[in-house]
K.L.:
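Following this message is one structure expressed as structure tokens.
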Amino acid sequence: MAMAMDWLPWSLLLLSLTYDTRAFYVPGVAPINFHQNDPVEIKAVKLTSSRTQLPYEYYSLPFCQPSKITYKAENLGEVLRGDRIVNTPFQVLMNSEKKCEVLCSQSSKPVTLTVEQSRLVAERITEDYYVHLIADNLPVATRLELYSNREGDDKKKEKDVQFEHGYRLGFTDVNKIYLHNHLSFILYYHREDLEEDQEHTYRVVRFEVIPQSIRLEDIKADEKSSCTLPEGTNSSPQEIDPSKENQLYFTYSVHWEESDIKWASRWDTYLTMSDVQIHWFSIINSVVVVFFLSGILSMIIIRTLRKDIANYNKEDDIEDTMEESGWKLVHGDVFRPPQYPMILSSLLGSGIQLFCMILIVIFVAMLGMLSPSSRGALMTTACFLFMFMGVFGGFSAGRLYRTLKGHRWKKGAFCTATLYPGVVFGICFVLNCFIWGKHSSGAVPFPTMVALLCMWFGISLPLVYLGYYFGFRKQPYDNPVRTNQIPRQIPEQRWYMNRFVGILMAGILPFGAMFIELFFIFSAIWENQFYYLFGFLFLVFIILVVSCSQISIVMVYFQLCAEDYRWWWRNFLVSGGSAFYVLVYAIFYFVNKLDIVEFIPSLLYFGYTALMVLSFWLLTGTIGFYAAYMFVRKIYAAVKID
């Protein structure tokens, strides 16, 4: 209980940091100042759908193209996310209104979509695709106004404004398909305070769009690419018939509004799209529950252990002690090396590599240096950090391998550097082949794949070898008791000592600490939401480490009390028990939250989920293993062994 109270000040500090991450920008990222009538470039990022999980580049559909298409140079994270940032023909000038402008047309002639193009557009609309554009690195959002009647009186309806990322490509109604062919851009600017006799400068602080579907006959276009829209709701939407050619206009309008929002806070609109109050309540609730459970567990285990050690160390009751059952009886076998020590040390080395990478990424992101405004920065940082953390993974694996009486250090180092990364690369390569087959921008290009292989074998592998060499040369972990030459016979175990039962029991507490956060992470990955509450995530990660460690210690204590000394592998597997619950939750999320019905999107979901579960098992298994190993060494060092 005292332990729980000690954590509370730190919890409050970390929770307070979550607010700071919103308005924090990386040093060196300067705002762009625009003058009156300066061009504000509108770029396209990609098309996405939570139903197919396959992003496509903007010009995979027959949108209007500029005279010269220019793709932005992208970082590794953007490429892996499927972003293909490209220029568009929209002409937007700072603080300059446009009533209606026609795209794709030098004269008043409409655009003709071929039967094949019409079929493709209709297919994308039925698959619920969204179009993502950016202006001054701000993503476009669609305003949703929801009315809540909380007082029970129609006159007192409150308007709740929410935003969704991008805009819908189109919509379906009574088996007919309609395309959003007119975009009403609403851009908000903040006027900067300047000294006298200086020209005003403006900064873009919000980018909204109202997509509309207006049929060809209702739009009046002239020779100068200007157009007139129908007034009110008299117009009919632009239908796309997939069985024939379709004629239509692509049009847009621009409206500017002044805003009090400062440039540093302009992302707040995008980051408060979900109910944050529920998030706060749920996180604090799980924090309090886990800390109190942890405090109670710690008190029970410490009191029981003290009693055990006091009994074992009574010199006058040695004969009675020898007749009793308990963890002291397996002192001659508890440090006996397990089967496959090379594979165990390699997996634990990869776990250390993951642990260091995740800890640094979450901490840096919590300080605001990996905000969503730095597109792709999070994934790029994670990839490079995993490569460079190979030196720590190799060192810990090498030292443990020597402790387990291993001799072939070169083979062990190669196993550490290739086992887990090889599985990840293999699964990603197979999934990538399916994405290639769908011509999606989510497919990793061949040069990027070669670059990742070069990073793996050129950076990670040598660093793992370097760390493994020094770890293997270092003094092995000092075990407090000697191992007997002849293994002790293990008595028959009770049903609750079964490995799978242990996984179920050990996984509940760590999963309970993080399952609320898991929902938001899944939403960010599978439903194209922004994830930004890294202060919460850092706190949850600390709770996860504490709860995994404590559960692991309890499980290994029960196992040794049952005179089963084969704890190495079992503890590693059981400590990762929360990964089983993550898998169950992922299946629940797929069935209840996502509307995926096709084979390839389902394959992608479960393929990437398998990687997440494997990585989470390695992470939690490693945390639990090292906690249990320290605990076992401590308790056997505390008793007198003849």
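Keep in mind that the numbers below use all heavy atoms, side chains included, and drop hydrogens, waters and symmetry copies.
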K.L.:
Indicate the atoms forming the closest heavy-atom contact of K46 with G82, along with that distance.
P.N.:
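So the two residues come closest at CD-O, 3.7 Å.
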K.L.:
Can a donor-acceptor pair be found between the side chains of T48 and H132 at a distance below 3.5 Å?
P.N.:
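There is such a pair (donor and acceptor under 3.5 Å, judged by atom type) between the side chains of T48 and H132.
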K.L.:
Would you check if P421 and S460 make a side-chain contact, meaning some heavy-atom pair closer than 4.5 Å?
P.N.:
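A side-chain contact under 4.5 Å is absent here.
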K.L.:
Contact between V574 and S552 at the side-chain level, heavy atoms closer than 4.5 Å - yes or no?
P.N.:
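Not touching, per the 4.5 Å side-chain cut-off.
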K.L.:
For residues L80 and L452, report the shortest heavy-atom separation together with the two atoms involved.
P.N.:
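Smallest interatomic distance, heavy atoms only, reads CD2-CD1, 4.3 Å.
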K.L.:
Does Y420 reach the side chain of V423, with side-chain heavy atoms less than 4.5 Å apart?
P.N.:
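Sidechains of V423 and Y420: no contact.
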K.L.:
I would like to know whether Y626 and L400 meet side chain to side chain contact (heavy atoms under 4.5 Å, CB included); could you show each step before the answer?
P.N.:
CA-CA 10 Å; Y626 276 101; L400 183 66; 4.2 Å; yes
K.L.:
Roughly how far apart are F163 CZ and L144 CG, rounded to 0.5 Å?
P.N.:
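F163 CZ to L144 CG: 8.5 Å, rounded to 0.5 Å.
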K.L.:
If you measure from the Lys or Arg side-chain nitrogens to the Asp or Glu carboxylate oxygens, is any gap between K72 and E74 under 4.0 Å?
P.N.:
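No, this pair does not count.
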K.L.:
Could you state the interatomic distance from CD (Q353) to OG1 (T622), rounded to the nearest 0.5 Å?
P.N.:
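Between atom CD of Q353 and atom OG1 of T622 there are 10.5 Å.
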K.L.:
For the residue pair F185 and F207, does the interplanar ring angle fall in the parallel (under 30°), tilted (30 to 60°) or perpendicular (over 60°) class?
P.N.:
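Answer is tilted, since the angle falls between 30° and 60°.
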K.L.:
Donor-acceptor pair, H190 side chain versus S259 backbone, under 3.5 Å?
P.N.:
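Pair found, side chain donor or acceptor close to backbone of S259.
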K.L.:
Look up atom CZ in R81 and atom OG in S441, then write down how far apart they are to the nearest 0.5 Å.
P.N.:
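Rounded to the nearest 0.5 Å, the CZ-OG separation comes to 10.5 Å.
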K.L.:
Quick one, Y71 with E57, criterion side-chain hydrogen bond (donor to acceptor under 3.5 Å, both in side chains). Give me CA distance, side-chain angles, the key distance, then yes/no.
P.N.:
CA-CA 11 Å; Y71 284 91; E57 62 173 280; 2.3 Å; yes
K.L.:
Under 3.5 Å, side chain of S547 to main-chain N/O of L544, donor-acceptor pair present?
P.N.:
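Yes: the side chain of S547 pairs with the backbone of L544.
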K.L.:
Show your reasoning for whether side chain to side chain contact (heavy atoms under 4.5 Å, CB included) applies to I551 and S575.
P.N.:
CA-CA 7 Å; I551 284 291; S575 298; over 6 Å; no
K.L.:
Between W568 and L348, is there a side-chain heavy-atom distance shorter than 4.5 Å?
P.N.:
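They are not in side-chain contact.
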K.L.:
List for me each residue that meets ring-ring contact (aromatic ring centres under 6.0 Å, His included) alongside F631, sequence neighbours excluded, and say none if there are none.
P.N.:
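ring-ring contact (aromatic ring centres under 6.0 Å, His included) list for F631, sorted by chain: empty.
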K.L.:
Does a donor on one side chain and an acceptor on the other come within less than 3.5 Å for T52 and Y129?
P.N.:
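Present: a donor and an acceptor within the cut-off.
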K.L.:
Report the C-alpha distance between F590 and F606 in whole Å, list the side-chain angles of each, state the deciding distance to 0.1 Å, and finish with yes or no for ring-ring contact (aromatic ring centres under 6.0 Å, His included).
P.N.:
CA-CA 9 Å; F590 178 83; F606 285 106; 4.8 Å; yes
K.L.:
Check the pair R206 / I261 against side chain to side chain contact (heavy atoms under 4.5 Å, CB included), numbers first and verdict last.
P.N.:
CA-CA 9 Å; R206 190 187 292 179; I261 298 169; 3.5 Å; yes
K.L.:
How close do Y130 and G166 get, heavy atom to heavy atom, and via which atoms?
P.N.:
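Scanning both residues completely, I find the closest heavy atoms to be CD2-C, 4.2 Å.
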K.L.:
Please check if the distance between the ring centroids of W617 and F580 is under 6.0 Å.
P.N.:
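No - the distance between ring centres of W617 and F580 does not fall below the 6.0 Å cut-off.
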K.L.:
Counting distance only, does the side-chain N/O of N592 pair as donor-acceptor with the main-chain N or O of F588 below 3.5 Å?
P.N.:
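It does hold such a pair.
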K.L.:
When you measure from the side chain of E517 to the backbone of M514, do you find a donor-acceptor pair of N or O atoms at a distance under 3.5 Å?
P.N.:
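A pair under 3.5 Å: no.
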K.L.:
In plain terms, say whether E127 and R124 are close enough for a salt bridge, that is, a side-chain N and a carboxylate O under 4.0 Å apart.
P.N.:
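So E127 pairs with R124 through a salt bridge.
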K.L.:
Using side-chain contact (heavy atoms from CB on, under 4.5 Å) as the criterion, list what pairs up with V554, not counting sequence neighbours.
P.N.:
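If we apply the side-chain contact (heavy atoms from CB on, under 4.5 Å) test to V554, skipping adjacent residues, the hits are L297, I301, F558.
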K.L.:
List for me each residue that meets side-chain hydrogen bond (donor to acceptor under 3.5 Å, both in side chains) alongside R84, sequence neighbours excluded, and say none if there are none.
P.N.:
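By the side-chain hydrogen bond (donor to acceptor under 3.5 Å, both in side chains) rule, R84 matches no residue at all.
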K.L.:
Ignoring hydrogens, what is the shortest heavy-atom contact between A417 and W456? Give both atom names and the distance.
P.N.:
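That closest heavy-atom pairing would be O-NE1, 3.0 Å.
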K.L.:
Mind checking the CG-OG1 spacing from L347 to T416? Nearest 0.5 Å is all I need.
P.N.:
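It comes to 8.5 Å.
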K.L.:
May I have the step-by-step check of ring-ring contact (aromatic ring centres under 6.0 Å, His included) for F363 and F538, ending in yes or no?
P.N.:
CA-CA 7 Å; F363 184 74; F538 187 72; 5.7 Å; yes
K.L.:
To the nearest 0.5 angstrom, please state how far the CD1 atom of I587 sits from the OG1 atom of T609.
P.N.:
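Output value for this atom pair is 8.5 Å.
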K.L.:
Report the C-alpha separation of Y605 and L594 in whole Å, then their side-chain angles, then the decisive distance to 0.1 Å, and conclude whether the side chain to side chain contact (heavy atoms under 4.5 Å, CB included) test is met.
P.N.:
CA-CA 10 Å; Y605 180 86; L594 297 178; 3.5 Å; yes
K.L.:
Using side-chain heavy atoms (C-beta onward) and a distance below 4.5 Å, is L61 in contact with L47?
P.N.:
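With C-beta onward as the side chain, the pair touches.
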K.L.:
Hey, can you pull the donor-acceptor pairs under 3.5 Å for the side chains in residues 376-394, sequence neighbours left out?
P.N.:
from : atom 1 : to   : atom 2 : distance (Å)
T380 : OG1    : G77  : N      : 2.7
T380 : OG1    : G376 : O      : 2.8
T381 : OG1    : A377 : O      : 2.6

K.L.:
What is the minimum heavy-atom distance between T88 and Y58, and which atoms define it?
P.N.:
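Looking at all heavy atoms of both residues, the closest pair is CG2-CE2, 4.0 Å.
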K.L.:
Can you tell if the side chain of C548 reaches within under 4.5 Å of the side chain of P510, non-hydrogen atoms only?
P.N.:
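Yes, at least one pair of side-chain atoms sits under 4.5 Å.
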K.L.:
Assess whether a salt bridge exists between D136 and R266, defined as any Lys/Arg side-chain N lying under 4.0 Å from an Asp/Glu carboxylate O.
P.N.:
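Judged by the 4.0 Å cut-off on N to carboxylate O distance, D136 and R266 do form a salt bridge.
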K.L.:
If you look only at distance, which donor and acceptor atoms sit under 3.5 Å apart when one is on a side chain in residues 424-434 and the other is two or more places apart or in another chain?
P.N.:
from : atom 1 : to   : atom 2 : distance (Å)
N432 : OD1    : V444 : N      : 2.8
N432 : ND2    : V444 : O      : 3.2

K.L.:
Do the side chains of F616 and Y581 get nearer than 4.5 Å, heavy atoms only?
P.N.:
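No. Closest side-chain heavy atoms not under 4.5 Å.
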K.L.:
By the definition side-chain contact (heavy atoms from CB on, under 4.5 Å), identify the one residue from V45, L133, I134 that meets it with V140.
P.N.:
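Filter result, single survivor: L133.
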K.L.:
Roughly how far, to the nearest 0.5 Å, is OG1 of T126 from CD of E123?
P.N.:
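Rounded to the nearest 0.5 Å, the CD-OG1 separation comes to 6.0 Å.
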K.L.:
Quick one: salt bridge (charged side-chain N to carboxylate O under 4.0 Å, His left out) pairs with a partner in residues 572-597, sequence neighbours left out?
P.N.:
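Passing the test, one end in residues 572-597: R51-D595.
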K.L.:
Name the orientation class of the two ring planes belonging to F522 and Y585 (parallel below 30°, tilted from 30 to 60°, perpendicular beyond 60°).
P.N.:
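Ring orientation of F522 relative to Y585: perpendicular.
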K.L.:
Are I435 and L604 close enough that some pair of their side-chain heavy atoms sits under 4.5 Å apart?
P.N.:
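In short, these two side chains touch, coming nearer than 4.5 Å.
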K.L.:
State, to 0.1 Å, how close S578 and T620 come at their nearest heavy-atom pair, and which atoms those are.
P.N.:
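Answer, listing the atom of S578 first, then T620: OG-CG2, 3.8 Å.
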